[in-house]
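Beneath this line is the structure, given in structure tokens, with notes to follow.
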Protein chains: 2
Amino acid sequence: MAKVDTSLVAHLPLFAGVTPDALDEILREARSARYPKNSAIFEQGADAQSFFLLLHGHVRAAKTTPTGEQIVVRYVSPGETFGLAMAIGAARYPATAMAVDDSVALIWPTSAWPRLVERFPALAANTLQTVGTRLQESHTRILEMSTQQVEQRVAHALLRLAKQSGRKLDHGIEIDFPISRQDIAQMTGTTLHTVSRILSGWESQGLVESGRQRIILRDPHRIVVLAERNADSGAT
Amino acid sequence: MAKVDTSLVAHLPLFAGVTPDALDEILREARSARYPKNSAIFEQGADAQSFFLLLHGHVRAAKTTPTGEQIVVRYVSPGETFGLAMAIGAARYPATAMAVDDSVALIWPTSAWPRLVERFPALAANTLQTVGTRLQESHTRILEMSTQQVEQRVAHALLRLAKQSGRKLDHGIEIDFPISRQDIAQMTGTTLHTVSRILSGWESQGLVESGRQRIILRDPHRIVVLAERNADSGAT
DNA sequence: CAGGTAGTTTGCGATAGCGCAAAACGGACC
DNA sequence: GGTCCGTTTTGCGCTATCGCAAACTACCTG
């Protein structure tokens with residue numbers, strides 16, 4: 001089993017308060033794997049045999065309804081964990097994970113979790129923190145879906161993506177993994193048609209520049225204004 | 001400080017794997033308080049000085065936008081914790097908690113949490129479990145808001161309330177705390193008007209019986225059917 | 001028991017956004 | 001360099017749901 005370089009992960013929130021020796025021991029239980037762009041990492045409903053720490057790339061977690069509609073739960077960035085079904089005592093994955101870019105992740109067998117937590121209680125505390133934060137974000141998303149119009153929700157979604165995975169350009173911020181209109185629709189609870197219309201509108205105003213699975217925020221500041229504007233304070 | 005009866009709480013998930021002695025020690029750090037119906041327990045944005053375990057009654061957690069709109073995050077039932085801001089490392093409460101019925105809760109100072117977790121790691125693991133479950137539920141709610149029509153969402157919401165806090169009647173299930181049309185609207189991302197129309201419709205079909213802050217599911221089974229029917233499989 | 005307040009019902013327009021359809025576009029692969 | 005497939009754009013009609021307004025009703029209070 002290839003040795004994982006501790007220095008790459010030691011600073012992550014997951015390992016806060018874990019001694020180097022302990023970290024070494026934790027990493028010895030992991031293996032790493034490479035996932036090519038567009039490959040599935042696990043499927044919703046499958047046995048949760050592993051949990052993951054993303055090292056490189058980007059992963060999309062999506063939930064599917066019985067009728068086949070999907071929503072994007074989140075995009076995972078390097079340094080974040082995913083597939084933590086055991087954290088909620090679930091035997092099966094509640095969502096599907098797919099690499100949207102060539103990606104590399106550390107993988108632990110789910111069965112190792114109870115033992116690791118027992119030996120290193122900080123792991124549970126740290127994981128609680130990140131899961132709690134995600135719960136928060138989830139509630140914010142529900143609030144937005146309940147109270148805002150589609151345009152504002154799309155604005156918020158893009159700003160969040162830019163913050164989380166934005167690559168700074170000379171003039172603007174580019175979301176640095178491939179993302180389609182459909183993906184954005186699935187993050188905001190709308191349709192790809194509506195997203196397309198909105199982006200077209202923004203493009204003609206110089207707010208964004210976008211193409212096939214590619215979005216650049218050309219004027220983040222004005223997008224922030226859009227995002228915060230409440231529904232009725234609009235055009236004259 | 002009044003002694004809390006351990007036998008009342010020993011079986012709760014929060015204390016799974018905690019020895020009676022340890023439980024005793026944990027409870028010694030808590031006090032209990034009574035909250036009359038419609039009184040605020042804490043306000044969104046206030047310093048998170050305490051966390052809570054509900055013993056009796058029902059508590060509504062709601063989040064408010066800058067513009068004053070509200071959503072109901074959840075209803076807390078006896079045996080559940082709330083106000084766990086520290087779990088996510090937040091210094092302020094992210095929502096407002098209000099007793100919807102005369103309620104009693106155990107209260108720990110937030111400052112006690114790190115010490116308790118250190119002495120009793122099972123607390124962190126157990127809390128992780130419940131927070132994880134809530135995250136799951138949150139995602140389900142987002143999925144519903146994204147893919148279902150208002151009527152289905154209301155059906156799901158009522159069924160969930162009935163399961164969580166339903167009182168079985170001779171013929172039907174009554175939600176056993178006061179809940180308004182507005183509350184249901186805030187759980188499902190719609191308006192009280194639309195909820196009222198939907199309930200009126202259901203009432204005329206004998207699905208529910210309802211009045212001022214009171215709802216009885218008279219025919220849960222048919223409501224399940226409504227909830228699961230997808231949008232286009234409707235009337236002829 | 002009268003009056004007031006908070007919750008509920010209902011009608012009636014207005015509209016944001018959906019759903020369908022078709023065309024344009026851009027890459028990737030042969 | 002041509003072909004093919006997935007993505008994006010755009011038009012157009014439709015409708016679920018909102019928003020406002022007004023009337024109604026149940027309960028609480030004095």
Side-chain angles (χ1 to χ4, degrees), chain A residues 36-38 67-71 98 100 144-155 157 175 177-205 208-216 226 229-235, chain B residues 36-38 60 67-72 98 100 144-155 175 177-186 188-205 208-216 226 229-235:
Chain A
K37 183 171 169 173
N38 291 328
T67 58
E69 289 139 310
Q70 279 201 338
I71 61 151
M98 158 169 288
V100 295
E144 285 179 7
M145 291 192 57
S146 297
T147 62
Q148 302 184 330
Q149 321 235 137
V150 172
E151 186 172 27
Q152 270 106 53
R153 304 207 299 266
V154 171
I175 293 167
F177 55 84
I179 185 164
S180 70
R181 306 288 184 264
Q182 174 83 64
D183 293 323
I184 294 170
Q186 290 174 348
M187 299 178 71
T188 52
T190 180
T191 63
L192 80 163
H193 306 275
T194 299
V195 172
S196 179
R197 282 181 241 273
I198 288 171
L199 289 184
S200 294
W202 290 356
E203 186 131 23
S204 70
Q205 297 171 56
V208 302
E209 185 185 324
S210 73
R212 194 188 178 76
Q213 308 211 89
R214 188 179 58 83
I215 300 177
I216 301 171
L226 258 187
R229 165 155 93 206
N230 65 66
D232 49 59
S233 63
Chain B
K37 182 171 170 173
N38 291 329
R60 183 184 63 197
T67 58
E69 289 139 309
Q70 278 201 339
I71 62 150
V72 171
M98 158 169 287
V100 296
E144 284 179 7
M145 291 193 56
S146 298
T147 61
Q148 302 184 330
Q149 324 229 153
V150 172
E151 186 172 27
Q152 270 108 50
R153 303 206 301 265
V154 172
I175 292 167
F177 56 83
I179 185 164
S180 70
R181 307 289 185 262
Q182 174 83 69
D183 293 324
I184 293 169
Q186 291 173 348
T188 52
T190 181
T191 63
L192 80 164
H193 305 277
T194 299
V195 171
S196 179
R197 283 180 242 273
I198 287 171
L199 289 184
S200 294
W202 289 356
E203 185 132 24
S204 70
Q205 297 170 57
V208 302
E209 186 186 324
S210 73
R212 192 191 180 76
Q213 308 209 91
R214 187 180 58 84
I215 300 177
I216 301 170
L226 257 186
R229 165 153 92 206
N230 62 66
D232 48 61
S233 64

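Worth saying up front: this structure is predicted, and the values here are computed from it rather than measured. So that the names make sense, note that chain A is the first sequence line, chain B the second, and so on, each numbered from 1. Worth knowing before you read on, the calculation uses all heavy atoms, side chains too, and leaves out hydrogens, waters and symmetry mates.
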Listed partners of A:Glu151 passing side-chain contact (heavy atoms from CB on, under 4.5 Å), at least two apart
A:Ile198, A:Trp202, A:Leu226
Output the rounded distance in Å from NE2 (A:His193) to C1' (C:dG19).
7 Å
At 4.0 Å (heavy atoms only), tell me whether B:Ser180 reaches a base, stays on the sugar-phosphate, or touches nothing.
sugar-phosphate
5'-most contact on DNA chain C (nearest-nucleotide basis), A:Val195 vs A:Arg212, goes to A:Val195
Do B:Ile216 and B:Arg214 come close enough that some side-chain heavy atom pair is under 4.5 Å?
yes
Presence of A:Thr191 side-chain N/O under 4.0 Å of C:dC18 phosphate oxygens OP1/OP2:
yes
Roughly how many Å is it from CD in B:Gln149 to P in C:dG17, rounded to a whole number?
16 Å
Is it true that a side-chain atom of B:Ser200 and a backbone atom of B:Ser196 form a donor plus acceptor pair closer than 3.5 Å?
yes
Going through the distances and angles, do A:Gln182 and A:Ser180 end up as a side-chain hydrogen bond (donor to acceptor under 3.5 Å, both in side chains)?
CA-CA 5 Å; A:Gln182 174 83 64; A:Ser180 70; over 6 Å; no
Starting at CZ of B:Arg153 and ending at C1' of D:dC18, how long is that distance when rounded to a whole Å?
12 Å
Separation of D:dT7 atom P from A:Ile179 atom CD1, nearest Å, is 13 Å
When you check the phosphate oxygens OP1 and OP2 of D:dT9, does a side-chain N or O of A:Ser196 lie under 4.0 Å from one of them?
yes
Separation of D:dT10 C1' from A:Ile198 CD1 (nearest whole Å):
14 Å
Expressed as a whole number of angstroms, how long is the span from B:Arg214:CZ to D:dA26:P?
11 Å
Distance in angstrom units between B:Arg181 CZ and D:dT17 C1', rounded:
18 Å
Proximity to the side chain of B:Ser200 - top-ranked nucleotide from D:dT9, C:dT10, C:dT8
C:dT10
To the nearest Å, give me how far apart CZ (A:Arg197) and P (C:dG19) are.
11 Å
